[in-house]
> 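Quick one: structure below, then a few questions.
Values reported hereafter were calculated over all heavy atoms of this structure, with side chains retained and with hydrogens, waters and symmetry mates removed. Predicted model only: the values in this text are computed from it and were never measured.
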Amino acid sequence: LPVEIVPHTMAEEDRVCPICQQTMVEMGEQAEESEEITVIGVEYKILQHRRQKYRCRCNEQVVTAPGPAKLIPGGRYSVDFAVHVAEQKYLDHLPLERQVRKMRREGLRVTSQTLWDQLWALAAVLRPVYDKLLPFILSFRVICADESVWYLLPKGGRKRWYIWGAACPFAVYYRLDPSREGRVAEEMLGEFAGKIVTDG
């Protein structure tokens, strides 16, 4: 963690010696030190991008400086914001409605639909990486593969689906499917000819 030194000093009137009544002076660099871990809160702010316009002296050409990359063209939210929402949802398991409440306490009024839109746009950008995960895993001689029940919660009850997984030491791939049939494993594993570690 970064370290910030916080000096603590005493006012001159509080440095009077109780024995001789003289003002006490600093003992050079002598000080007592202790550490305290604190938190610097998340800060939301509006970045007002000002894209400079340029024109030619002939008045035939006008160009504008490019702005920042956006997940949603013309969108109001930064890529950093979308990553922040994804991190809280998928790494910290913080539902979108709870994130909305946290953001409101920090002065940002936003809806869970807006947060979902950001996640959807981020997923589209990351899709090519996801598509490369399984071929990368299948390039190893030994992998792990398994499937487990995954309940979806449609209106009026719950539906039983399955989450299929494959893993190597450097990556994990998940695929959600309504079936537990062997054809799903065949589709996932394809022509894989190495060893698979799984349960019974």
> Taking atom OG1 of Thr64 and atom OH of Tyr54, what is their separation to the nearest 0.5 Å?
9.5 Å

> Taking all non-hydrogen atoms of both residues, which atom of Ile137 and which atom of Ile143 are closest, and how far apart?
O-CG2, 3.3 Å

> Any chance CZ of Arg180 has more than 12 other-residue heavy atoms, nucleotides or ligands included, within less than 6.0 Å?
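It does not: Arg180 CZ has 12 such atoms or fewer within range.
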
> Should we say atom CD of Gln22 is surrounded by more than 12 heavy atoms from elsewhere, each under 6.0 Å from it?
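Not more than 12 within 6.0 Å, no.
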
> Drop me the distance from Arg76's CZ to Lys70's NZ, to the nearest 0.5 angstrom.
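Here the rounded value is 9.5 Å.
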
> Taking all non-hydrogen atoms of both residues, which atom of Asp177 and which atom of Ser179 are closest, and how far apart?
OD1-N, 2.9 Å

> State, with a plain yes or no, whether a side-chain heavy atom of Tyr44 is found less than 4.5 Å away from one of Val110.
no

> Is the backbone N or O of Ala65 less than 3.5 Å from a side-chain atom of Arg51, with the two atoms forming a donor-acceptor pair by type?
yes

> Checking the side chain of Thr198 only, and the main-chain atoms of Ala145 only, is there a donor and an acceptor separated by less than 3.5 Å?
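Judged by distance alone, yes, a pair lies under 3.5 Å.
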
> Might you point out which heavy atoms bring Ser112 and Leu96 nearest each other, and give the distance in Å?
O-CD1, 3.8 Å

> Hey, what do you get for CD (Glu4) to CD (Glu36), rounding to the nearest 0.5 Å?
11.0 Å

> Please report the interatomic distance CD(Glu191) to CD(Glu186), rounded to the nearest 0.5 Å.
10.0 Å

> Once you round to the nearest 0.5 Å, how far does OG1 of Thr111 lie from CD of Glu97?
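So the OG1 of Thr111 and the CD of Glu97 are separated by 8.5 Å.
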
> If we only count heavy atoms from C-beta on, is the Tyr90 to Val85 side-chain gap below 4.5 Å?
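Answer no - side chains too far apart.
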
> Say whether Ile196 and Tyr173 are linked into one hydrophobic cluster, either directly or through other cluster members, by side-chain heavy-atom distances under 4.5 angstrom.
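Same hydrophobic cluster.
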
> Provide the closest heavy-atom pair for Ile72 versus Asp117 in the form atom of the first, atom of the second, distance.
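Heavy atoms only, the tightest pair is CD1-O, 4.1 Å.
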
> Group every Ile, Leu, Val, Met, Phe, Trp and Tyr by side-chain heavy-atom contacts under 4.5 Å, then state whether Ile46 and Tyr77 land in the same group.
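Per the 4.5 Å side-chain linkage, Ile46 and Tyr77 are not co-clustered.
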
> Using side-chain heavy atoms (C-beta onward) and a distance below 4.5 Å, is Tyr162 in contact with Val184?
no

> Between Arg183 and Glu187, is there a side-chain N and carboxylate O pair less than 4.0 Å apart?
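Yes, charged N to carboxylate O under 4.0 Å.
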
> Is the backbone N or O of Thr23 less than 3.5 Å from a side-chain atom of Glu12, with the two atoms forming a donor-acceptor pair by type?
no

> Which pair of heavy atoms, one from Cys168 and one from Phe136, lies closest together, and at what distance?
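Residues Cys168 and Phe136, closest heavy atoms: SG-CE2, 3.8 Å.
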
> Does Val129 share a hydrophobic cluster with Phe170, counting links as ILVMFWY side-chain heavy atoms below 4.5 Å and allowing steps through other members?
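Different clusters: Val129 never reaches Phe170 through Ile, Leu, Val, Met, Phe, Trp or Tyr contacts under 4.5 Å.
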
> Report yes if some heavy atom in the side chain of Met10 is under 4.5 Å from a heavy atom in the side chain of Met24; otherwise report no.
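Not touching, per the 4.5 Å side-chain cut-off.
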
> When you measure from the side chain of Tyr130 to the backbone of Tyr174, do you find a donor-acceptor pair of N or O atoms at a distance under 3.5 Å?
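Pair found, side chain donor or acceptor close to backbone of Tyr174.
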
> Under a 4.5 Å side-chain heavy-atom rule over Ile, Leu, Val, Met, Phe, Trp and Tyr, are Phe192 and Val142 clustered together?
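Result: no, two separate clusters.
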
> Could you please spell out the steps behind the side-chain contact (heavy atoms from CB on, under 4.5 Å) verdict for Glu147 and Met188?
CA-CA 11 Å; Glu147 110 300 322; Met188 269 184 57; over 6 Å; no

> Give the cluster check for Leu122 versus Val42: same hydrophobic cluster or not, with ILVMFWY residues linked at side-chain heavy-atom distances below 4.5 Å.
no

> If you draw a 6.0 Å radius around CZ in Arg15, do more than 12 non-hydrogen atoms from other residues or ligands fall strictly inside?
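Correct, the count exceeds 12.
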
> Classify the angle between the aromatic ring planes of Trp116 and Trp120 as parallel (below 30°), tilted (30 to 60°) or perpendicular (above 60°).
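It falls in the tilted class, 30° to 60°.
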
> To the nearest 0.5 Å, what is the distance between CD on Glu106 and CZ on Arg101?
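The distance works out to 14.5 Å.
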
> Gln99 and Leu94: which non-hydrogen atoms are nearest, and at how many Å?
NE2-O, 3.1 Å

> Got more than 12 heavy atoms from elsewhere within 6.0 Å of NZ, Lys159?
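Atom NZ in Lys159 is not crowded, with 12 or fewer foreign heavy atoms closer than 6.0 Å.
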
